[in-house]
Amino acid sequence: MTKTTLKQIVSDPSCMDDYDPNAMSVTQARAFIQQFLTPVIETEQLNVMDSLGRVLAANIVSPSNVPNHHNSAMDGYAFKFIDANKVLTIIGTAFAGRPFEQEINAGECVKIMTGAVIPTGADTVVMQERIKQNDNHITLLDTLSIKQGANIRLAGEDLQLGQTVLAKGHMLRPADLGLIASLGIAKVSVYRPLKVAFFSTGDELISVGKPLQSGQIYDSNRYTLFGMLSRLGVVISDLGVVPDNPDLLETTLLKATSENDVVITSGGVSVGEADYMKALLTKHGQVLFWKINMKPGRPLAYGKIGAAHYFGLPGNPVSAMVTFYQFVREALITLMGSIPKPLPMFKVECTESIKKATGRTEFQRGVLYLVEDGSWKVKPLPNQGSGVLSSMSTANCFIVLDEAVGNCNSGEMLQVQLLEGLI
Ligand code: AMP
Ligand code: MG
């Protein structure tokens, strides 16, 4: 994609080949957004236990070998392999954390515990079940099966001194915290958290805690957004429900964009809809309004207002979630300083037929379940309406039907994208 600026595209959409705001594919829109994202650069030092989910701002380099010493993988006896056929004299014991300091000589062995340092002179460990003991002497059983170097964990076999263990840009997971601690590192340098504000727009929306008047509905998008954003570990500002009032919308939008890295709104950005939100976005920023070839979640607005990135999600609750997962999540991960990986997709048998028109990508809500024969199958949920939030709550996956896919028969292998851990 070329280095066209948002401003150029807003003022003259024809300046880019293949750019049609009324027919953007999911992949095109994703790639389009990526080119305007500049990750945060400010960093902070955190204790390892405070860094879960944060993005490394510098490589973690191993300051030592892990493990630090050759050590025993078993409870047993350490000896010289060349002595395997001899009667060996036990000259002491090596415990984990309490090494046996003397050297082992010919015909000698040391009783050794798992994790204990291998004493100098020994090169092999035999399991304690594979010996016969007589006072302080042992003989090895089945000597032919014993190999030189057996049951020894070598120094540096996990990590080597100077090795890059985790790269800058890596988002820290539980195993990483342990890995960093195993190197004796107490603090890590991470990027500052991303500040994300959101609000819902619509005269019909009421916040929980107030009674509903006729024609009103409770705002649910702020709650799903709160949940999805919390999973990403960003700093969240919930700016509430803003009615379809131009002054209130303007004040809220400007405050939100001046104080945050990203602002997300839902509702009121339908393409062609003459409403205040669209006019405001055009007045204060460079925002593109797209009809994406997807279902649900057709209208999407993306752009910049001042230094803040702006995402205008469709108001329908399922559409808002689908567009968040397919576009916003990945953009936020990039802005956090990391590299987004595609959500895992794999093919499973679908137990029902699906009606589908070619030419758009569909994200149907499905339930992936374990069958008695040990395989997994997927069943689409009956009500695929873009306002039916209960389908999203029951689903554990999206059935992803690409643009080229048409009607599907029951028994066909279809692509699914797991939502477990995301919702
Ligand atoms: P809009 O995109 O504003 O035209 O809204 C499309 C549909 O989504 C309408 O039925 C709205 O009532 C509904 N909707 C919009 N925002 C929300 C919200 N925050 N929570 C629940 N439903 C919403
Ligand atoms: Mg609305």
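Remember, it's 1-based here, ligands and their atoms both numbered in the order they're listed. Count residues from 1 along the sequence. As the structure is a prediction and not an experimental result, all values here were calculated from the model.
Looking at Glu204 next to ligand 1, an N or O pair under 3.5 Å apart turns up. Here's the thing with Val269: none of its N/O atoms is less than 3.5 angstrom from an N/O atom of ligand 1. At under 3.5 Å, not a single nitrogen or oxygen of Pro317, backbone or side chain, sits near a nitrogen or oxygen of ligand 1.
Looking at Asp203, Ile217, Leu313 and measuring to atom 22 (N) of ligand 1, the nearest heavy atom belongs to Ile217. Scanning Ser207, Gly202, Gly268 for the heavy atom closest to atom 3 (O) of ligand 1 points to Gly268. Considering Ser220, Gly312, Gly315 only, the shortest heavy-atom separation from atom 16 (N) of ligand 1 involves Gly315.
Residues Tyr310 and His284 are not in side-chain contact: their nearest non-hydrogen atoms beyond the backbone lie 4.5 Å or more apart.
Every atom of ligand 1 with a heavy atom of Ser200 under 4.0 Å away is listed here by number and element: 19 (N). Near Asp219, the atoms of ligand 1 lying under 4.0 angstrom from a non-hydrogen atom of the residue are 18 (C), 19 (N), 20 (N). Every atom of ligand 1 with a heavy atom of Asn316 under 4.0 Å away is listed here by number and element: 6 (C), 7 (C), 8 (O).
Aromatic ring centres of Trp290 and Phe32: separated by under 6.0 Å. Annotation: Phe311 is not in aromatic contact with Phe324 [ring centroid separation under 6.0 Å not met].
Taken to the nearest 0.5 Å, the CE atom of Met127 stands 10.5 Å off from the CD1 atom of Ile146.
With Phe36 as the aromatic partner, Lys304 does not meet the cation-pi criteria of under 6.0 angstrom to the ring centre and within 45 degrees of the ring axis.
Residues Thr114 and Asp75 have side chains that bring a donor and an acceptor to within less than 3.5 angstrom of each other.
Remark: Asp238 engages Arg222 in a salt bridge, criterion side-chain N to carboxylate O under 4.0 Å.
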